[in-house]
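Taking it in order: structure first as structure tokens, then the write-up.
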There are 2 protein chains.
Amino acid sequence: MSKRQRPDVSSPAFASGAKIRRVTTASAIYEQLHAAILSLQMKPGVALQEKRIAEEFGVSRTPVREALLRLAEAGLVEIFPQSGTFVSRIPVSAIPEAVVIRKSLERTTVEQAAEIATADDIARLDAIIARQRVHAALNEPSQFHEQDEAFHEAISVIAGYPGIWSILKTAKLQIDRARRLTLPVRGRMDSVIEEHVTIRDAIAAHDVDRARGAMMHHLSAVIPDIDELRLVYPGYFS
Amino acid sequence: MSKRQRPDVSSPAFASGAKIRRVTTASAIYEQLHAAILSLQMKPGVALQEKRIAEEFGVSRTPVREALLRLAEAGLVEIFPQSGTFVSRIPVSAIPEAVVIRKSLERTTVEQAAEIATADDIARLDAIIARQRVHAALNEPSQFHEQDEAFHEAISVIAGYPGIWSILKTAKLQIDRARRLTLPVRGRMDSVIEEHVTIRDAIAAHDVDRARGAMMHHLSAVIPDIDELRLVYPGYFS
DNA sequence: CTGCACGAATTGATATACTAGTATCCAAAA
DNA sequence: TTTTGGATACTAGTATATCAATTCGTGCAG
């Protein structure tokens with residue numbers, strides 16, 4: 001039998017390696033562009049060129065193209081064959097749907113988490129909330145948002161459905177982009193922390209109904225007002 | 001300066017539709033391999049070689065690579081850098097999660113569909129069910145399955161959440177692969193039709209609770225018995 | 001006989017070169 | 001002045017070549 005079988009997928013190899021190419025240039029470029037689009041440094045609707053990007057990064061078009069293809073699948077860019085590549089506009093119609101998807105899946109994860117969470121799990125949530133308090137106090141929105149994501153991801157993991165989080169991440173993309181357009185609301189970070197605490201408490205108490213209710217309330221509170229944004233930023237939406 | 005200044009509003013396509021050439025060879029190869037893997041013509045675990053595939057299709061390695069990268073994102077192949085590419089084994093651990101995802105999202109779509117379905121919508125469902133009856137009578141499992149997917153997609157569309165269907169499609173992938181391994185159960189097609197009719201009736205009656213119940217029952221009925229399959233097809237699962 | 005080190009072969013990753021579709025601009029005709 | 005058709009210069013798609021890393025066999029040393 002000549003069939004090869006990879007013995008170990010998770011070969012961390014020589015993790016300290018300075019030269020090991022765990023990250024291909026293509027994925028590095030993907031990360032960069034992904035972040036730039038999500039942070040709106042690259043504005044919706046603007047044209048991209050494989051060639052120019054390749055020159056900026058000092059690489060050939062091949063890895064750039066690979067990155068753009070992945071971004072296209074994520075819905076962050078649109079590729080028109082033989083014509084051009086553009087940063088995708090935020091699809092207004094997709095936003096309410098994304099909210100529904102979030103509510104549907106996070107309802108499932110938070111319910112299951114409330115059923116089976118262990119003391120260790122709660123401790124993990126507490127640690128995340130603690131970090132959020134720090135970032136809120138220091139007024140660091142970026143890191144705060146990072147920990148916000150970590151909180152929701154943790155609940156997925158606790159529920160035993162880590163794959164759901166990756167779905168949520170892609171569903172959240174356009175919402176997050178729109179949210180970047182909203183001015184930071186004073187005190188919003190504190191409210192988020194409060195809501196997270198409520199969710200955490202319900203999970204810790206194994207109170208499924210209360211956990212679901214708290215999560216639904218939390219998710220309803222973060223919906224950006226699209227109609228208003230469209231007026232202020234015409235051309236950013238489709 | 002001769003540089004062309006493109007106003008960012010210019011989207012090159014009045015392409016709100018299907019007029020664009022999307023028959024790039026890369027996507028054609030993707031479709032082919034996708035179908036081959038899903039139908040198990042390509043068995044889980046076997047090695048693939050870009051070079052050989054390129055020769056078979058009579059193209060260069062570039063579009064083949066592009067297709068493989070997309071398949072890797074869908075979880076249908078695994079690429080080990082500098083080592084090899086393999087048709088992914090069916091991840092047993094992901095199957096229960098996929099079922100949960102399906103139940104969560106289809107619960108949402110069927111509830112909403114039951115709320116707002118119009119007579120036209122019901123007619124569309126009836127048409128699909130009618131086609132299913134034909135394929136069942138003629139014992140055409142492949143086309144039957146096609147209409148089965150169409151039924152669930154239609155419900156997503158009726159609910160106003162077409163994007164949920166595309167999520168469901170990718171979530172369903174591994175389930176469908178496993179299901180291909182099960183022997184066709186005699187009379188199963190007829191049961192599916194009955195369950196679809198029940199769902200359809202509940203939607204038509206705008207009975208949200210009954211629609212949800214019928215859908216949950218339907219989804220529970222199509223879960224393949226993984227443990228048994230693992231015994232019969234060792235090496236197909238991971 | 002065993003273990004380790006080295007090297008050839010094979011693979012995916014990247015670079016470069018070429019092809020073919022598309023939009024824009026400008027000139028010529030109405 | 002407006003319209004229209006084609007030249008032109010762009011783009012992404014594809015082909016080919018090169019690079020680098022991993023694997024596995026082989027041979028030498030212990």
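Within every chain, numbering begins at 1; the chains are lettered A, B, ... in the order of the sequence lines, protein sequences first and strands thereafter.
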Run the side-chain donor-acceptor check on residues 95-103 of chain B: report pairs under 3.5 Å with partners two or more places apart or on a different chain.
residue : atom : partner : partner atom : Å
B:E97   : OE2  : A:G163  : N            : 2.5
B:E97   : OE2  : A:I164  : N            : 2.8
B:R102  : NE   : B:E106  : OE2          : 3.0
B:R102  : NH2  : B:E106  : OE2          : 3.1
B:K103  : NZ   : B:S220  : OG           : 3.0

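Distance B:E50 CD to C:dT14 C1': 12 Å, rounded to the nearest Å. Atom-to-atom, CD1 of B:I79 to P of D:dA21 comes out at 18 Å; the value is rounded to the nearest Å. Here D:dT11 presents its C1' atom at 14 Å from CD of A:E55, a figure rounded to the nearest Å. Taking atom CZ on A:R61 and atom C1' on C:dA17, their separation rounds to 10 Å, with Å as the unit. We find that CG of A:L48 is positioned 15 Å from C1' of D:dC10, with the value rounded to whole Å. Taking atom CD on B:E66 and atom P on D:dA12, their separation rounds to 13 Å, with Å as the unit. Atom pair A:K51:NZ and D:dA12:C1' shows a separation of 13 Å (rounding to whole Å applied). A straight line from CZ of B:F86 to P of C:dG12 spans 8 Å, rounded to a whole angstrom.
Ion pairing of A:E66 with A:R70 is absent here, as no side-chain N (NZ or NE/NH1/NH2) approaches a carboxylate O to less than 4.0 Å. We find that B:R230 and B:D227 are not joined by a salt bridge, their nearest charged nitrogen and carboxylate oxygen being 4.0 Å or further apart. Of the charged side-chain nitrogens involved, at least one lies within less than 4.0 Å of a carboxylate oxygen, so that B:R124 and B:D121 count as a salt-bridged pair.
Proximity of B:T24 to the phosphate of D:dT14: a side-chain N or O atom is located under 4.0 Å from OP1 or OP2. Within the 4.0 Å cut-off from OP1 or OP2 of D:dG13, not a single side-chain nitrogen or oxygen of A:Q82 is found. For D:dG13, the OP1/OP2 oxygens have no side-chain nitrogen or oxygen of B:T25 closer than 4.0 Å.
Residue B:L69 is out of contact with every strand shown, counting any heavy-atom pair closer than 4.0 Å. Among the atoms of the strands shown, none is found under 4.0 Å from any heavy atom of A:L68.
Heavy-atom nearest nucleotides on DNA chain C were determined for B:T62 and for B:Q49, and the one closer to the 5' end corresponds to B:Q49.
Picking from D:dG13, C:dT16, D:dT16 the nucleotide with the shortest atom distance to the side chain of A:S60 gives C:dT16.
Residue-to-nucleotide contacts include no donor-acceptor pair under 3.5 Å from the side chain of B:R65 to the base of C:dG12. Not a single donor-acceptor pair, N or O on each side, falls under 3.5 Å between the base of C:dA23 and the side chain of A:S83.
Considering only heavy atoms from C-beta on, A:F144 comes within 4.5 Å of A:V192 through its side chain.
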